[in-house]
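Notes to accompany the following structure.
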Amino acid sequence: MAETAGRSMTLAEAYRHFGEADVRGASPLYERVATAIADSPAALAVVEQAPPLKRHPTVILAALHDQVLLGNAPELAAAYRERDLGRVGAVAVDALVALVAAVIGTAAQRQTQTNETGRCAVLYPAIAEAARRLDAARIALIDVGCSAGLNLNVDRYAITYEPSGAVIGDGASLVQLRCEERGATPVPQRAVPPVVARIGVDLHPIDVENAADARWLRACLWPDQPERIERLNAAIELTRADPPLLLQGDALERLPEALAMVPADAVPIVTTTWALAYFSLEDRLRFLRRLDEAGARRPLAWVSAEGVGIAPAVPTRGDRRLSAHSTLGCAVFDGAHMHVDAIGRCHPHGRWLEWTG
């Protein structure tokens with residue numbers, strides 16, 4: 001299910017790697033749960049019943065967490081709530097085996113959804129910079145790989161940069177984000193212009209008005225990170241109050257349609273946040289061509305926050321592929337011209353931002 005040292009990992013190795021490398025230091029609960037599954041033949045036999053592409057720990061643990069949120073695994077819920085590292089592994093294995101049909105059924109139907117609103121701390125200044133470069137008085141946001149469209153409310157969140165204490169966005173927002181500033185250049189405090197349209201494109205968009213969909217968003221978060229859960233709940237409430245337009249389908253096919261919906265007096269700003277990694281290289285290049293073709297007809301911008309080397313044409317500035325951080329890109333298309341820059345480095349969940357401009 002994964003590659004290491006030129007060969008495929010076994011399920012046990014993949015779960016052990018997830019626990020000992022991917023979540024170590026970030027989610028002690030999932031570290032214990034994943035390694036307990038790796039050590040349990042019964043638990044691994046459950047995982048093997050999922051379709052091959054749905055056996056990854058992020059999918060199975062989210063499906064199990066969904067059962068916790070439904071009230072079907074009270075002992076595991078208590079272990080999560082109490083952060084009982086001594087019991088959580090064994091309790092999770094027991095719940096997985098007992099709830100095999102429900103967990104595998106959910107895993108087979110669902111996609112992992114990383115609706116991390118913290119990423120807006122990275123997006124906001126980049127969108128403002130793109131608008132500045134195109135002298136835009138009004139903008140429209142188009143988020144590719146939008147999931148529930150929570151990033152489309154980027155201008156409606158409050159973002160505090162530390163240690164400076166500078167706040168941008170809506171200071172009175174339900175959603176309060178914090179981001180560490182790194183590097184010698186302060187994050188610009190420029191405001192995002194008025195947003196006149198908010199459009200998302202996704203193969204499997206999430207409807208926050210649907211209880212099961214909203215619960216799945218919560219299930220995809222790690223249970224020992226309550227601050228992320230609180231932010232998600234606030235973002236869902238804000239989105240329900242003024243839902244964006246979400247288009248279902250392939251981004252390459254629906255992007256021209258989304259662009260055509262933008263009023264003539266507004267500048268479209270397309271965003272991708274850790275979405276292009278799910279595209280093939282050919283499709284990433286086609287995505288860039290779609291933007292370039294549209295940019296020949298009207299000014300537009302593309303703001304990307306992707307792994308190093310993932311976003312086509314965005315410079316890597318000498319950073320290595322598979323680096324722990326990501327690259328913040330800003331591309332503007334103005335008639336026959338395309339200008340692409342790397343304007344920062346950032347944490348994939350928006351915990352820190354190094355602005356390079």
Side-chain angles (χ1 to χ4, degrees), residues 11 14-16 18-20 22-51 54-118 147-148 150 204 206-237 240 349:
L11 267 181
Y15 274 76
R16 188 172 306 284
F18 182 79
E20 296 180 351
D22 293 346
V23 298
R24 173 163 286 180
S27 178
L29 285 177
Y30 271 4
E31 179 182 342
R32 298 297 179 92
V33 171
T35 53
I37 292 174
D39 289 335
S40 169
L44 293 172
V46 170
V47 176
E48 286 178 341
Q49 296 184 45
K54 300 301 185 72
R55 295 173 185 172
H56 193 276
T58 56
V59 182
I60 297 298
L61 295 185
L64 183 58
H65 193 193
D66 190 55
Q67 291 301 306
V68 169
L69 296 176
L70 279 168
N72 295 335
E75 289 190 52
L76 183 55
Y80 281 171
R81 183 174 59 253
E82 297 163 11
R83 303 190 189 187
D84 189 341
L85 299 182
R87 295 181 60 247
V88 71
V91 171
V93 166
D94 289 345
L96 182 61
V97 172
L99 298 167
V100 51
V103 170
I104 297 306
T106 299
Q109 295 173 7
R110 291 288 189 178
Q111 313 291 325
T112 52
Q113 301 282 347
T114 308
N115 279 252
E116 180 46 66
T117 51
S147 186
L150 304 185
H204 306 281
I206 292 288
D207 178 8
V208 296
E209 295 289 352
N210 179 287
D213 280 2
R215 189 182 66 248
W216 178 247
L217 294 181
R218 298 180 180 100
C220 288
L221 297 181
W222 301 341
D224 48 0
Q225 295 185 332
E227 69 285 352
R228 293 179 67 195
I229 297 171
E230 290 173 7
R231 286 201 305 262
L232 175 62
N233 289 337
I236 288 174
E237 183 176 344
R240 283 173 172 166
H349 286 174

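Note that the structure is predicted; figures quoted are calculated from it, not measured. Quick note: numbers below take in every heavy atom, side chains included, and nothing from hydrogens, waters or symmetry partners.
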Any heavy-atom pair between the side chains of [Y] and [X] that's under 4.5 Å?
X      : Y      : result
Arg218 : Ile236 : yes
Leu232 : Leu150 : yes
Val88  : Tyr80  : yes
Asp22  : Thr58  : no
Gln49  : Val100 : yes
Glu20  : Thr35  : yes
Val33  : Leu96  : no
Leu29  : Trp222 : no

Is there a donor-acceptor pair under 3.5 Å between the side chain of [X] and the backbone N or O of [Y]?
X      : Y      : result
Lys54  : Thr106 : no
His65  : Leu221 : yes
Arg32  : Gly89  : no
Glu82  : Asp84  : no
Gln225 : Ala26  : yes
Trp216 : Gln111 : yes
Asp213 : Asp207 : yes

Please name the pair of heavy atoms, one in [X] and one in [Y], separated by the smallest distance, quoted to 0.1 Å.
X      : Y      : result
Leu64  : Ala92  : CD2-O, 4.0 Å
Ala14  : Pro57  : O-CG, 4.3 Å
Arg55  : Glu48  : NH2-O, 3.0 Å
Val208 : Ala148 : CG1-CB, 3.8 Å
Ala63  : Val103 : CB-O, 3.5 Å

Rounded to the nearest 0.5 Å, what separation is found between the [atom1] atom of [X] and the [atom2] atom of [Y]?
X      : Y      : atom1 : atom2 : answer
Ile37  : Ile60  : CD1   : CD1   : 8.0 Å
Leu99  : Ile104 : CG    : CD1   : 11.0 Å
Arg240 : Glu237 : CZ    : CD    : 8.5 Å
Thr112 : Leu217 : OG1   : CG    : 11.5 Å
Leu76  : Arg81  : CG    : CZ    : 10.5 Å
Leu70  : Arg215 : CG    : CZ    : 3.5 Å

>> If the test is salt bridge (Lys or Arg N to Asp or Glu O under 4.0 Å), which one of Arg83, Arg24, Arg16 qualifies with Glu31?
In response: Arg24

> Can you say whether the rings of Tyr30 and Phe18 are parallel (under 30°), tilted (30 to 60°) or perpendicular (over 60°)?
Replying inline: tilted

